[in-house]
Amino acid sequence: PQNRKDVSEYLDILQDPISQTTLAIDNDTLIGDQKYNIEDNVANFTSNDTNSEEWKKLNSQFLNYHKSLSVYTLLNSAPINNYLSMESEIGSMKNIKVLDVGGGTGHTHVSFFQFPETIDYYLLDPNLRLLHDQFIRLYPKLSYLKMGHILANAEFLPIKDNSFDVVLNISAIDHLDDYKKFISEAYRVLKPGGKFLVSSHLDVPKLGEDQTKVKSKIFSSSFWERVSRYLYYKKYAVGSDDHTLHLEDGKPIEEALLESSFSIKKEEVFKRYFYFVAEKIAE
């Protein structure tokens with residue numbers, strides 16, 4: 001599992017996600033207007049059950065899908081992660097407090113940031129997804145750098161106002177129950193002048209493929225991985241589409257950012273992906 005901070009170390013930034021009241025710790029329980037369990041240094045706020053039934057169904061499909069991912073998938077996504085890190089200019093930042101919403105396993109701590117030892121990193125996700133050995137082999141710093149680990153819904157962040165320098169949401173906005181509510185929450189928990197990076201893929205056709213290369217692809221490792229994954233999908237009835245949001249361009253995200261009073265500092269569409277770097281206007 002992740003190398004986690006004790007919840008008591010960051011109790012000062014936590015609050016009840018529904019009532020916004022201050023929390024206290026009693027043994028393995030966070031107490032506010034409601035009680036929330038702490039297990040293995042993971043603060044669990046998902047007992048609120050605020051998500052829709054449709055989201056729960058899609059999330060179940062999403063988790064089954066991710067069980068099929070392999071080392072090839074991780075390596076294939078690394079160039080995109082590196083590109084976002086460099087082009088957003090957030091990956092080179094130091095001495096900041098970061099909330100990674102929808103961060104899955106939390107490997108972004110070291111795969112995205114160039115100076116992870118200086119990053120006060122917090123993973124927030126509604127699902128408990130542990131680090132596979134492949135992550136440790138690729139990013140050995142994950143074995144000793146500590147993170148805060150919080151289970152919660154993006155639409156109801158259990159975080160006090162003005163707590164973070166940076167909020168990340170990478171390849172997750174299209175899996176949320178209410179992306180507009182999340183964006184407003186991201187604005188709330190950022191410090192004035194704080195940065196928000198949101199990025200994901202677009203539902204647009206792939207670029208034309210050179211048919212002369214198709215035959216060679218049949219004998220490639222990626223081809224056989226796709227065959228294996230297809231068989232897994234059939235066995236476990238993984239849905240072909242587990243997304244709650246389908247984007248042909250970044251316009252809906254741009255509009256939601258502006259509605260929440262963000263100032264957009266940088267944006268780009270590249271290949272079949274997009275990103276926005278937005279800033280909370282200093283008061």
Side-chain angles (χ1 to χ4, degrees), residues 1-67 98-109 121-132 146-161 163-164 167-189 198 200 238-239 242-245:
Q2 293 84 351
N3 191 6
R4 301 166 180 145
K5 300 177 182 179
D6 192 289
V7 177
S8 63
E9 295 179 38
Y10 55 93
L11 181 64
D12 59 319
I13 65 168
L14 295 178
Q15 66 179 20
D16 190 299
I18 304 302
S19 64
Q20 289 83 53
T21 54
T22 299
L23 296 168
I25 295 180
D26 183 8
N27 294 319
D28 291 328
T29 305
L30 283 163
I31 301 175
D33 283 0
Q34 299 185 51
K35 294 182 179 180
Y36 305 95
N37 292 333
I38 302 172
E39 186 174 352
D40 295 329
N41 287 327
V42 179
N44 188 351
F45 294 92
T46 60
S47 59
N48 289 311
D49 197 25
T50 54
N51 286 316
S52 66
E53 291 303 315
E54 178 65 13
W55 180 88
K56 293 174 185 176
K57 182 185 76 172
L58 293 174
N59 185 59
S60 177
Q61 293 179 359
F62 168 78
L63 290 175
N64 278 337
Y65 162 75
H66 267 267
K67 290 176 184 177
V98 175
L99 181 65
D100 187 2
V101 179
T105 62
H107 70 83
T108 302
H109 187 186
Y121 177 88
Y122 296 80
L123 166 64
L124 187 145
D125 198 285
N127 302 304
L128 183 62
R129 292 164 55 196
L130 302 182
L131 287 167
H132 190 280
K146 285 192 174 183
M147 63 174 69
H149 196 166
I150 302 167
L151 290 184
N153 298 319
E155 299 83 0
F156 297 91
L157 298 178
I159 306 294
K160 292 181 180 177
D161 296 1
S163 293
F164 283 87
V167 172
L168 299 179
N169 185 256
I170 300 174
S171 298
I173 193 85
D174 51 354
H175 290 281
L176 303 184
D177 205 4
D178 185 341
Y179 73 96
K180 291 184 177 180
K181 180 70 167 63
F182 160 61
I183 289 175
S184 68
E185 281 286 273
Y187 189 90
R188 179 182 65 80
V189 304
V198 55
S200 194
V238 177
D242 54 22
H243 299 88
T244 58
L245 179 65

Sorted by chain and residue number, the salt bridge (charged side-chain N to carboxylate O under 4.0 Å, His left out) partners of K5 (sequence neighbours excluded) come out as D120
Between K181 and F156, is there a donor-acceptor pair closer than 3.5 Å when you use the side chain of the first and the backbone of the second?
no
- Query: Is the shortest heavy-atom distance from the side chain of L30 to the side chain of I38 under 4.5 Å?
  - Reply: yes
Sorted by chain and residue number, the side chain to side chain contact (heavy atoms under 4.5 Å, CB included) partners of I31 (sequence neighbours excluded) come out as D26, T29, K35
By side chain to side chain contact (heavy atoms under 4.5 Å, CB included), D33 pairs with (sequence neighbours left out) D16, S19, T21
CG (L14) and OG1 (T22) are apart, to the nearest 0.5 Å, by 10.5 Å
N/O donor-acceptor pair under 3.5 Å between R129 side chain and G103 backbone: no
When you compare the side chain of P1 with that of D40, does any pair of heavy atoms fall below 4.5 Å? no
#### Entry: Audit row: T108, V98, side chain to side chain contact (heavy atoms under 4.5 Å, CB included) steps and yes/no
CA-CA 11 Å; T108 302; V98 175; over 6 Å; no
Between I159 and E185, is a side chain to side chain contact (heavy atoms under 4.5 Å, CB included) present by the stated rule, with each step listed? CA-CA 9 Å; I159 306 294; E185 281 286 273; over 6 Å; no
Interatomic distance, CG@D12 vs CG@L23, rounded to 0.5 Å, equals 11.5 Å
Closest non-hydrogen atoms of L11 and A24, given as atom of the first, atom of the second and distance, are CD2-CA, 4.4 Å
So the ring-ring contact (aromatic ring centres under 6.0 Å, His included) pairs with at least one residue in residues 8-34 (sequence neighbours excluded) are Y10-Y122
Sorted by chain and residue number, the salt bridge (charged side-chain N to carboxylate O under 4.0 Å, His left out) partners of R4 (sequence neighbours excluded) come out as none
- Query: So, does Q20 use its side chain to make a donor-acceptor pair with the main chain of I18 at under 3.5 Å?
  - Reply: yes
Exercise. Please tell me if the side chains of Y36 and P17 come closer than 4.5 Å, counting only heavy atoms from C-beta onward.
Key: yes
State, yes or no, whether a side-chain contact exists between D177 and N153 at a heavy-atom distance under 4.5 Å. no
Margin query: Test your reading of the model: is there a side-chain donor-acceptor pair from N169 to the backbone of V198, 3.5 Å cut-off?
Written below: no
Item checked: Under 3.5 Å: donor-acceptor pair, side chain of Q2, backbone of G148 -> no
Hits for salt bridge (charged side-chain N to carboxylate O under 4.0 Å, His left out) against D6, two or more places apart or cross-chain, chain-then-number order -> none
Any chance you could lay out the side chain to side chain contact (heavy atoms under 4.5 Å, CB included) test for L157 and R188, step after step, and finish with the verdict? CA-CA 9 Å; L157 298 178; R188 179 182 65 80; 4.0 Å; yes
